[in-house]
Structure formats: C-alpha cells, structure tokens
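Computed from a predicted model, the values in this text were never measured in an experiment. Chain naming here is simple, since letters A, B, ... match the order of the sequence lines and numbering starts at 1 in each. Side chains included, hydrogens not; waters and symmetry mates left out as well; all remaining heavy atoms used.
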2 protein chains.
Amino acid sequence: MPRKKIAEPDITTEEKIKEAARKVFMKKGYAGTRTRDIAEEAGLNLALLNYYFRSKEKLFEIVMMEKVQKLFGIIAPILTDTSTTLEKKIELAAGNYIAMLMENPDLPLFVMSEIRNNPERFANKVQAVKLIQESHFVKQIKEKRPDINPLHFVISLLGMILFPFIARPVLQDAGNLSAKAFQNMMEERKALIPLWIKALMKAR
Amino acid sequence: MPRKKIAEPDITTEEKIKEAARKVFMKKGYAGTRTRDIAEEAGLNLALLNYYFRSKEKLFEIVMMEKVQKLFGIIAPILTDTSTTLEKKIELAAGNYIAMLMENPDLPLFVMSEIRNNPERFANKVQAVKLIQESHFVKQIKEKRPDINPLHFVISLLGMILFPFIARPVLQDAGNLSAKAFQNMMEERKALIPLWIKALMKAR
DNA sequence: GTCTATAACCTGATAGAC
DNA sequence: GTCTATCAGGTTATAGAC
C-alpha cells in the first residue's frame with residue numbers, strides 16, 4: 001500500500017508560491033513587488049507563478065483576502081458575541097488581538113495601506129462600520145454611555161491595540177526601540193488596555 | 001522699473017512639479033507612482049521633472065522629508081515645552097494635531113507606509129523614540145505615574161489621535177461612514193481625548 | 001526652459017522544449 | 001509540471017531641436 005514518505009515536507013509548489021507571495025507582498029506592498037522577487041523567494045521559476053495563478057493581480061487578491069480575513073476575523077466574533085459582558089469583550093479583544101498581532105506585526109499597516117492605495121477594489125466589501133454599529137458590543141456601550149457616540153470607544157480600543165503595531169516601523173526600524181522592548185510593552189498592554197478602557201468609560 | 005504683473009499666480013515650474021508630486025505620491029505611494037502621472041498632474045512635460053529634480057527618487061525624497069517634518073513637527077514642540085503643564089500639553093496635542101490632520105488626513109498612513117516599505121532609507125534618521133524619551137512630557141508623566149512605562153501613555157495618546165485617520169480608508173472608502181460623520185467625530189475627539197487621557201492616568 | 005523623440009532598462013506574461 | 005528564452009509593453013531618464 002503506497003503512502004507518502006515520512007519526514008516529507010509535503011509542501012506543494014502552489015503553496016510554496018503562496019507563502020513566498022505572502023512574505024514579499026507584506027514587505028513591499030503590491031506596487032513595490034516584482035513577480036521575480038516572489039519566484040526567487042520561493043526558489044522557483046517565474047513562469048510557474050503564471051502557471052498556477054494566471055497573474056500577479058490574481059495572486060495578490062488571494063493573499064490580500066487572507067490578510068483581511070485574519071485582521072478582522074479575530075475581532076468580529078468577540079464584538080458580536082451576545083453571551084459575554086462588556087468587560088469580558090474588552091479583555092478578550094486586547095488579549096487575543098495583541099497575541100495574534102505579535103505573530104503578525106505587519107498585518108495592520110499592510111491591510112490599511114493596500115486599501116488606501118486601491119479603495120475601489122474594496123468598496124462595499126469590507127463592511128467594518130456596519131459590523132461594528134450592529135454589534136452586541138455597541139449595544140452594551142450605548143446602555144452604559146448613551147451620551148457618547150459608541151464609535152469613539154470602539155476606535156479608541158482598536159487604536160490602543162493596533163496603533164503600536166502601525167507605528168512599529170517608526171519606533172523600531174527608523175527609531176531606536178529594540179525588538180525586545182517592543183515585545184515587553186505589548187505584553188504589558190494586554191492588561192493595561194482593559195483597565196484603561198474601563199476607566200475612560202467612567203470618565204465625565 | 002520692471003516688476004511682476006499684479007494678479008500673476010507666480011508659481012514657478014519647479015513649484016508646479018513639487019505640488020503635483022505631493023498630490024500623486026500621497027495618493028499612490030512611491031512605488032505606485034509613475035513620473036508621467038506627476039507630469040500630467042502638473043500640466044507639464046515629463047522631461048522637465050528630470051531637468052529640475054534629476055530623478056524620481058530625488059523628487060520623492062524632497063516630498064517625503066516635507067511630510068515627515070509636517071507629521072512630527074507639530075507634536076515635537078508641544079511635548080518638549082518645559083513651560084506648560086501636563087494637562088495643557090495633552091489638550092494642545094489633541095487640539096492642534098487633529099486640526100492639522102483634518103486638513104491632511106492621508107498624512108499619517110502615507111508616512112508610516114513609506115517608512116515601512118523602505119525602512120533602510122530612514123534608519124537612524126527619524127529619532128522619534130529618543131525625542132519622546134527625553135521630552136519634558138515624559139518627565140512629567142514619570143512624576144505622576146512612576147509605576148508605568150511612560151511610552152504607554154504617549155502611544156495611547158498618539159493612537160487616539162492618529163488611528164482614526166489611519167483607519168479612515170477602511171471606515172470611509174471601504175466601509176460606509178460618511179465624510180461628514182467622520183469630521184464630526186474628529187471634532188468631538190478634540191475635547192474627548194484630553195478627558196480620557198487624564199482619566200487613564202489616574203486609573204489603578 | 002521647454003518640448004519631442006528615443007534610448008536603455010525593467011516587468012509581467014507566454015511560447016515551447018523537456 | 002518545470003524550465004529557459006523571449007516577447008510586448010511600459011517606465012525612467014536623456015539627447016537634441018527650438
């Protein structure tokens with residue numbers, strides 16, 4: 001009975017290309033990426049990109065959809081869950097989101113930049129505002145603070161979580177903050193952000 | 001005695017090109033911009049770009065330095081001023097920064113993206129962390145909260161101010177938040193952010 | 001200083017051998 | 001499926017007329 005060799009990496013050519021594309025697109029953006037860079041990163045020939053994915057554009061769309069899903073997919077279920085308290089949602093958002101972003105620190109800036117560079121492509125596709133407005137999270141905020149537009153709280157929460165990652169190239173590469181110091185700071189923020197968001201929800 | 005005609009716009013060709021470059025680079029980023037786009041935007045011939053600026057790269061560097069200066073130049077003097085209180089600094093930062101960014105909403109994402117796409121170019125040039133660490137603002141925070149890394153407060157303040165502008169393409173173009181609603185929100189935040197930052201500085 | 005024409009190079013995509 | 005070789009078109013930069 002034939003079966004795969006044990007210890008075989010078993011990575012298909014298609015997956016090799018996708019993995020290389022993720023890396024290069026994330027680093028240089030769509031416009032700054034040359035298909036040759038992706039082929040080289042994958043250790044394969046340029047012609048194979050078109051064999052498997054038809055065009056640079058198609059390959060990018062696959063990677064981009066993955067990344068958008070990853071960025072919003074982790075926060076959406078937390079905000080829409082009707083069985084958790086407001087406090088629990090804030091703790092989960094900070095904890096889970098920061099943990100994921102420490103593994104994918106370039107994700108937020110990549111997604112924001114690419115949407116900025118080509119908003120037509122995403123018009124009416126990423127319905128972030130609608131998802132937020134209709135979430136259980138916003139309903140709970142309205143009960144607690146009917147005097148303030150709930151978007152302020154959501155944006156402040158997301159800003160406290162995401163902004164350090166967006167500013168990381170400035171802080172770390174162009175500035176002089178060490179990778180270790182950045183990591184420590186983000187670990188601390190997992191506990192700090194819930195404390196702070198709760199504090200500002202009480203502020204008058 | 002010869003003098004310039006009154007009502008003459010008096011915009012030099014060099015300035016026309018720079019103005020067009022600002023617009024196109026901001027919209028499409030360095031890699032996504034073609035020098036032809038800039039020439040067309042300026043209503044001039046392509047050859048003039050190289051006559052005045054030698055290369056796309058050189059022209060971009062001039063625009064980029066302007067933008068970096070604009071983004072950090074407004075906040076640096078507020079944070080380093082030794083004659084203002086901590087509270088006053090927070091109010092000035094929120095008020096002045098948001099007012100400037102409402103006139104230049106794409107500025108933060110542009111600068112962050114370009115530094116991300118080419119960090120080598122800015123290595124050890126944008127000393128944001130050092131400037132922050134040695135500022136009077138950080139000194140004042142340390143007195144008030146010696147138990148917390150002051151960077152947490154600075155990043156939270158900057159995040160509350162900058163993040164809405166960075167997320168604007170998602171909220172407005174890809175999402176469904178109207179331009180007017182965004183503007184109103186940012187006006188409200190001028191007062192809300194100082195209130196909130198003060199609240200979280202007291203949180204234990 | 002400003003233009004047209006073109007050089008020199010780069011990039012995405014494909015043809016065709018293996 | 002994978003490779004080499006190459007095409008077709010686009011892009012930056014420059015030469016040279018005016």
Excluding sequence neighbours, so at least two apart, what forms salt bridge (Lys or Arg N to Asp or Glu O under 4.0 Å) with A:E40?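 Checked A:E40 against salt bridge (Lys or Arg N to Asp or Glu O under 4.0 Å); zero matches.
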
A:E19: partners by side chain to side chain donor-acceptor pair (under 3.5 Å), with sequence neighbours left out: A:R22

Going by heavy atoms in the side chains, are A:M64 and A:E61 under 4.5 Å from each other? no

Do A:L157 and A:F137 come close enough that some side-chain heavy atom pair is under 4.5 Å? yes

Between P of D:dT11 and OH of B:Y30, the distance in whole Å: 14 Å

Does anything in residues 49-59 of chain A come within less than 4.0 Å of DNA chain D? Heavy atoms only, and list the residues if so. A:Y51, A:Y52

Sort and list the pairs that fulfil side-chain hydrogen bond (donor to acceptor under 3.5 Å, both in side chains) and have at least one residue in residues 47-58 of chain B, not counting sequence neighbours.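 For residues 47-58 of chain B: B:Y30-B:E57, B:E57-B:R121.
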
Just checking A:T33: base, sugar-phosphate only, or nothing, at a heavy-atom cut-off of under 4.0 Å? sugar-phosphate

Excluding sequence neighbours, so at least two apart, what forms ring pair (Phe, Tyr, Trp, His ring centres under 6.0 Å) with A:F110? none

Nucleotides 3-6 of chain C: which of its N/O atoms have a protein N/O under 3.5 Å away?
| residue | atom | partner | partner atom | Å |
| --- | --- | --- | --- | --- |
| C:dC3 | OP2 | B:N45 | N | 3.3 |
| C:dT4 | OP2 | B:N45 | ND2 | 3.0 |

Is A:R189 reaching over with its side chain to a backbone N or O of A:A94, donor-acceptor style, under 3.5 angstrom?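 Not confirmed, A:R189 side chain does not pair with A:A94 backbone.
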
Before we go on, tell me: are the rings of A:F182 and A:F165 under 6.0 Å apart, centre to centre?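 Judged by ring-centre distance (under 6.0 Å), A:F182 and A:F165 do meet the cut-off.
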
